[in-house]
Amino acid sequence: MVVNNPEIAGYTKGKTNMCFKATINDRIIYFDIIQGDITKQNVDAIVNAAHESLLGGGGVDGAIHRAAGPSLLEECQTMKEIEPGIRCKIGQAYITKAGNLQAKHVIHTVAPKFIGYKKENNYISINNIDNELENCYINSIKLAIKNNIKTIAFPSLGTGGHSYPIELAAPIAIKSTIEALKENKEIKAVLFICFSKEDYHIYLKNMMDIIFNRGEVKPNKE
Ligand code: AR6
């Protein structure tokens, strides 16, 4: 069942918003699909589709750094390089404070780059990176749980500069988040922030398919 939930509607900011109340392992979790700007969300943590340097870039990364102000970049600069120029490898996740953003934390993760092509109506990946994209969501949720985060917002990782077709990325985002939430005892709400109307509708369709067709995620009856 799809419900609008006034209890949590207060922290979502977007043009279009659909809230799903679902049960995972006997715990109620809210999923919001929102067309909007992730920098405006009033949640405990927003996730950044970061550059591996963690020093900012274009797309949502640029928007988050601009809205957070210089303290975010300063904190990222203090993080240790794993290799020259690399502070976060593909699929890993790191947490910082959030500067001037309404959110309290930013979780930075690096999405893989899609290499592939479209055949008829299907996208074919030639570098098989779905598990790396899954890791972005799973490791972000794990880090959120460790840091006592109760509400978290994701952008559509990988689907801008890194060229992941949203039709492939949206079900991966939703399914891997649900898998990671099975371990969770604290997270109350996950927001998927879609920048365009088209992306919003693709997320909505996938969320409906997943919520209504998977046994272990039950739409709440209330
Ligand atoms: N709020 C929500 N979503 C947004 C926003 C926003 N303010 N701005 C853009 N998006 P991208 P990637 C959407 O390119 O593909 C950067 O240069 C956008 O429409 O931000 O993982 C980084 O520094 C798209 O749907 O991330 C990295 O080097 C989605 O966010 C690289 O690009 C992701 O697009 C990361 O590429």
Side-chain angles (χ1 to χ4, degrees), residues 11-18 32-43 45-69 72-73 76-77 79 81-83 85-94 96 98-103 106-116 123 125 127 129-140 151-174 176-177 190-207:
Y11 59 64
T12 63
K13 290 246 163 54
K15 287 182 199 153
T16 336
N17 176 6
M18 185 70 85
D32 282 83
I33 313 285
I34 296 160
Q35 187 202 344
D37 181 347
I38 201 164
T39 67
K40 302 273 193 291
Q41 306 305 319
N42 182 12
V43 284
I46 63 169
V47 177
N48 182 16
H51 184 266
E52 60 189 3
S53 67
L54 295 187
L55 300 184
V60 72
D61 195 7
I64 290 173
H65 274 271
R66 277 192 302 278
L72 179 59
L73 181 60
C76 289
Q77 280 166 334
M79 293 169 79
E81 285 179 319
I82 306 161
E83 286 169 27
I86 300 179
R87 291 181 179 77
C88 180
K89 290 194 174 177
I90 293 167
Q92 291 183 331
Y94 290 90
T96 61
N100 300 330
L101 291 167
Q102 270 189 289
V106 178
I107 292 176
H108 307 261
T109 187
V110 177
K113 285 184 187 156
F114 180 85
I115 303 171
Y123 290 93
S125 161
N127 57 343
I129 46 165
D130 287 358
N131 67 324
E132 293 178 348
L133 189 61
E134 285 165 15
N135 285 339
C136 291
Y137 289 92
I138 291 167
N139 289 328
S140 296
T151 54
I152 181 168
F154 284 97
S156 180
L157 299 169
T159 62
H162 284 183
S163 309
Y164 228 108
I166 187 116
E167 293 83 352
L168 297 185
I172 292 173
I174 296 167
S176 54
T177 300
V190 177
L191 282 57
F192 291 106
I193 312 297
C194 305
F195 210 40
S196 70
K197 199 172 173 186
E198 291 71 29
D199 290 358
Y200 170 80
H201 285 293
I202 290 169
Y203 260 76
L204 208 54
K205 184 193 172 299
N206 278 283
M207 181 57 95

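One-based numbering, in listed order, for ligands and for the atoms of each.
An N or O contact shorter than 3.5 Å is missing between Leu157 and ligand 1 by distance. Residue His162 has at least one nitrogen or oxygen atom sitting less than 3.5 Å from a nitrogen or oxygen atom of ligand 1, judged on distance alone. Residue-to-ligand polar distances place Asp37 within reach of ligand 1: an N/O pair is separated by less than 3.5 Å. Some N or O of Gly160 is nearer than 3.5 Å to an N or O of ligand 1, by distance alone.
Nearest non-hydrogen protein atom to atom 20 (O) of ligand 1 is Val60 N, 2.8 Å. The protein heavy atom nearest to atom 14 (O) of ligand 1 is Gly161 N, 2.7 Å. Distance from atom 21 (O) of ligand 1 to its nearest protein heavy atom, with residue and atom name: Gly158 N, 2.8 Å. Looking only at protein heavy atoms, the nearest one to atom 19 (O) of ligand 1 is Phe195 CB, 3.5 Å. Looking at atom 1 (N) of ligand 1, its nearest protein heavy atom turns out to be Ile38 N, 3.0 Å. Looking only at protein heavy atoms, the nearest one to atom 23 (O) of ligand 1 is Asp61 OD2, 2.7 Å. The shortest contact between atom 17 (O) of ligand 1 and any protein heavy atom is with Gly58 N, 2.8 Å. Nearest to atom 25 (O) of ligand 1 among the protein's heavy atoms is Thr159 OG1, 3.1 Å.
With a 4.0 Å heavy-atom cut-off, ligand 1 is reached by no atom of Ser196. Residue contacts with ligand 1 for Ala49 involve both N, CA, C or O and side-chain atoms from C-beta outward (heavy atoms, distance under 4.0 Å). Contacts with ligand 1 closer than 4.0 Å are made by no heavy atom of Ile166, backbone or side chain.
Here the closest non-hydrogen pair linking Ser176 and Tyr137 is OG-CB, 3.3 Å.
Remark: the backbone N or O of Cys194 is not paired with any side-chain donor or acceptor of Asp199 at under 3.5 angstrom.
If you take CD1 on Ile166 and CZ on Phe195, they are separated by 12.5 Å, rounding to the nearest 0.5 Å. Separation of atoms CD (Glu52) and CD1 (Ile82) is listed at 9.0 Å; rounding is to 0.5 Å. Note that CD1 of Ile64 and CD1 of Ile46 are 4.0 Å apart. Values are rounded to the nearest 0.5 Å.
Residue contact check: Asp199 has heavy atoms under 4.0 Å from atoms 25 (O) of ligand 1. Listed by number with element, the atoms of ligand 1 under 4.0 Å from a non-hydrogen atom of Ala111 are 21 (O). Close approach of ligand 1 to Ala50 (heavy-atom distance below 4.0 Å) involves ligand atoms 27 (C). Counting the atoms of ligand 1 from 1 in the order shown, those under 4.0 Å from a heavy atom of Ala63 are 7 (N). Which parts of ligand 1 touch His51 is read off a 4.0 Å heavy-atom cut-off, strictly below it: atoms 22 (C), 23 (O), 27 (C), 28 (O).
Remark: among candidates Ser156, Gly56, Gly59, the nearest residue to atom 33 (C) of ligand 1 is Ser156, based on non-hydrogen atoms.
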